[in-house]
Amino acid sequence: MKNSTARKIVRRVEYTPYPWILDHVVLRFEIGDDTTRVLSRLHIRRNDACAPAADIDLDGQDMELISVSLDGLPLDDSGFTKTSEQLLIHDAPASCTLEIEVQIEPLKNTTLTGLYPSGDFLLTQCEAEGFRRITYFPDRPDVMSRYEVTLVADKARYPVLLSNGNSVGSGEFEGGRHWVRWDDPFAKPSYLFALVAGHLSFIEDQFTTTSGRNVTLRVFVEPENLDRCDHAMESLIHSMKWDEDRFGLEYDLDIYNIVATNDFNMGAMENKSLNIFNSKYVLARPDTATDLDYQGIEGVIGHEYFHNWTGNRVTCQDWFQLTLKEGLTVFRDQEFSSDMHSRAVKRIRDVRALRSRQFPEDAGPMSHPIRPDKYIEINNFYTMTVYQKGAEIIRMYHTLLGEDGFQKGIRLYFQRHDGMAVTCDDFMAAMADANGVDLGRFGRWYGQSGTPELKVSSSYDADAKIYTLHLSQVTPSTHDQSNKQPLVIPVAMGLLSKDGHALPLRLQGEQEGTGSSRLLVLDEEQQSFVFEGVEERPIPSVLRGYSAPVKIDCPYSTAELAVLMAHDSDAFVRWDSAQLLSQREILGNVSRLVEGAEPVLAPELVDAYDALLADLDSDPGLVAEALALPGEDYLAEVMPVVDVDGIHAARKFVKSGLANALQQQFLQRYTDMCTDQVYSKDPVSMARRSLKNICLSFLLETASGEGLAEAQLAGSDNMTDTLAALQGLVWVEAPAAETALQSFEHQWRDDALVMDKWFSIQASIPGEHAVGRVKTLLDHPGFSISNPNKVRSVIGVFSMMNPTGFHTADGSGYRLHADQVIALDSLNPQMAARMTGAFNSWTRYDENRRNLMRTELKRIAAVQNLSPDVSEIVSNAIGMDKNNK
Ligand code: BES
Ligand code: ZN
């Protein structure tokens, strides 16, 4: 019956408003030992904007219906129709009160959606469609209601009872049960509902908003984690302040709760006033969390907080509009992190993630526009495209309109739509109207998939001193879409002289120059921009700050890249030039290895690295980013047919060549960065640690590396340095690695989050032994397939961050992975679908690997009762076949 491949496709154009309005929802949860009773009273009236409907159509899954009554009268079987996913109430009057009682079994729920257990407490996850596992309800984001919620449970077992909004009453019953009532004054869609029940401890602080509202802030964790909450609380306070300062947005309730759980499919969830977080994004102490963890916590706390306006106060009309809240909120959290730390480093890291993860997605079987046109399972569309590319589209509004214009647009958006469920078009209209501009063509970014390629060429007339920059664009056809139209591409640029000086810019027709940096806008297939008074043939610096999410194709010479890398005023261009230089060097060596030739290291790259290491003026964090070679994932992305082993060998060769040629210089910078006496988490210390540890990773390719790493490990007082040293030793297979891993395990075996790191390090060790090693890790007592963090640390890292291990030529990595996907699917389809994505790039490999991966995809597809989640991913992936025969 549950054969999910039968699930129907949902299409954006088929949207119709819900014909009923639910003003008020009253819920009562009777939490028992094994089962929970949910009583709901829905105050319903006709939506006059729609044709009158005879039936009330409610969603519901995996629950037992106890009773239904309409205006106080119990309905018998003729009054409603119930199927496995729906309850239809027949012949409803224009306005009525519907009471429904259901029973659910949270302890048996392994999906981590709906109401489920974690440790010894209960919690909910409702986005996107989890509320329908709690009670029958129109579980769609455009149905917004006020909720009053009463939670009743045994006081000893569930002392803390939380839901959205304000706590408005509580009391005790005989027999040890107690109740707490919550009232949320803001209308919200069901996906923002939350409850938490159990034995939790909290830390508390206060925030006073600009208009004087006193907000109580609490972070709830399991009691043993109470000493790891301070950074999360600080991050929350910084977020609240930042949103006031930069966006003029204030918090709107007197209470803000955050709850941390070890069992969570995602990073965190923005439920109104009751955010629920993966403990990875809450818990931190210097000895347990790395600098990246600290920054991750700050970013995610910010993200969920910023949703209070962009997502909650104004929400999505339907799930096709997901980027309306996610793209915008990612942009906001990126800006927050940029304002708190180094803007340039943040930008570089975001671009790195976009290129290595979103570009492949957009070129593969799951390619879709940021506003998709169709889906089978919405959970499969919480993607890099909707999030990261979506944030890039928001960033382009900002680039085109400027900070003031952008803020004007945001203000108009809230003025028009506060309290409503709206669309991406509404957002675009607010931006356009507030600025008096036409964004019609810009809107194509919402509907077109694929990564555009920006081609740059130029000509120079030395006599006339005229320089012409030719820009053209093409978006390749994708799995989901073939005909592509030109997009609006903002190109921030400048021109440099041979010795790296910025040249003044004056476009033909202009009287005055406009400084040395400007924004060109390409909105046709091709356009030429003519600059006058250019004294010498310049080097173009294009896409400064990565002003558009495109691939850049510009025929730079090595010498030109070296000039840009050393002298451009834009940190992104400096970094990107360094990346391109190393990328060419690595890919050149891949070819040499294929031809059986000796690999070589170009002296120009050594010189460029020498200069980077000698740069004492730049932010150490930026130097660290520039030193880091392009990852194997991104190198794979730019190769026509991925040569996994070639990439690994060539990258290793270049890394080791640079390390040995510049050993003294690496050592010098390493030592300079080691002088910080005590640990501090301020941005400067973090940047210094990042440079120190990238130097260490190069030094590990030299004779002096292992000694340094062992000493660092022994003397470390923080997880950043500990992990860098341990990881380094393990990855170069140093003799000390085995003991180091053992003592780490001994020290942290009871700490789930720290053990995730121990698992990840080992799951990512490259080479043919990876498969056997991963099998051992899966049998480790600390591993559990029902815990998403563990699944990501072992199965996720192996399949997505260990290319030589996963793509072992005999196919054993694929087989192991498919086995895990199948096991996971019966417990947690959402996680299983995410893991299945490791096969998405299967057509990009050699024929042997393609065949092996296709076999595994087909094996997964043939599983009985496969979830719609996994089914959608595998059938799309197998569908790539026709393009690659
Ligand atoms: N609304 C999402 C969380 C979510 C998505 C829950 C899908 C359930 C299903 C939340 O705001 C979010 O986007 N979280 C991100 C982290 C964020 C910093 C990008 C996540 O969980 O990965
Ligand atoms: Zn979000």
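Numbering starts at 1 and runs along the sequence shown. In listed order, ligands and their atoms are each counted from 1.
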Run down the list [options] and name the one with the heavy atom closest to [atom].
atom	options	result
atom 2 (C) of ligand 1	Met266, Glu326, Glu129	Glu326
atom 5 (C) of ligand 1	Phe306, Phe277, Tyr382	Tyr382
atom 16 (C) of ligand 1	Glu304, Gln125, Glu127	Glu304

#### Entry: Glu377 bridged to Lys8 by N-O distance under 4.0 Å
no
### Query
Would you call Arg343-Glu335 a salt bridge at under 4.0 Å N-O?
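Yes.
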Counting non-hydrogen protein atoms only, what is the nearest one to [atom]? Give residue, atom name and distance.
atom	value
atom 3 (C) of ligand 1	Ala268 O, 3.0 Å
atom 13 (O) of ligand 1	Tyr387 OH, 2.7 Å
atom 21 (O) of ligand 1	Gly267 N, 2.5 Å

Below 4.0 angstrom from a heavy atom of [X], which ligand 1 atoms are there? Numbered from 1 as shown, please.
X	result
Met269	1 (N), 3 (C), 6 (C)
Val300	18 (C)
Lys325	1 (N)
His307	11 (O)

### Query
Which of parallel (below 30°), tilted (30 to 60°) and perpendicular (above 60°) describes Phe306 and Phe336?
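Because their plane-to-plane angle is over 60°, the rings of Phe306 and Phe336 count as perpendicular.
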### Task
Examine the proximity of ligand 1 to Glu270 and report which part, side chain or backbone, both or neither, has a heavy atom under 4.0 Å away.
side chain
### Query
Taking heavy atoms and a distance under 4.0 Å, where does His303 meet ligand 1: side chain, backbone, both or neither?
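Contact part for His303 vs ligand 1: side chain (C-beta onward).
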#### Entry: Side chains of Asp425 and Tyr446, donor plus acceptor under 3.5 Å
no
### Task
Could you confirm whether Glu326 has any N/O/S atom lying under 2.8 Å from the Zn ion (ligand 2)?
yes
### Lys/Arg cation over aromatic Phe193: Lys188, 6.0 Å, 45° cone
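Here Lys188 fails the 6.0 Å and 45° test against Phe193.
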### Message
To the nearest 0.5 Å, what is the distance between OH on Tyr15 and CZ on Phe320?
### Response
12.0 Å
### Message
Please confirm whether the ring centroid of Tyr256 lies under 6.0 Å from the ring centroid of Tyr251.
### Response
yes
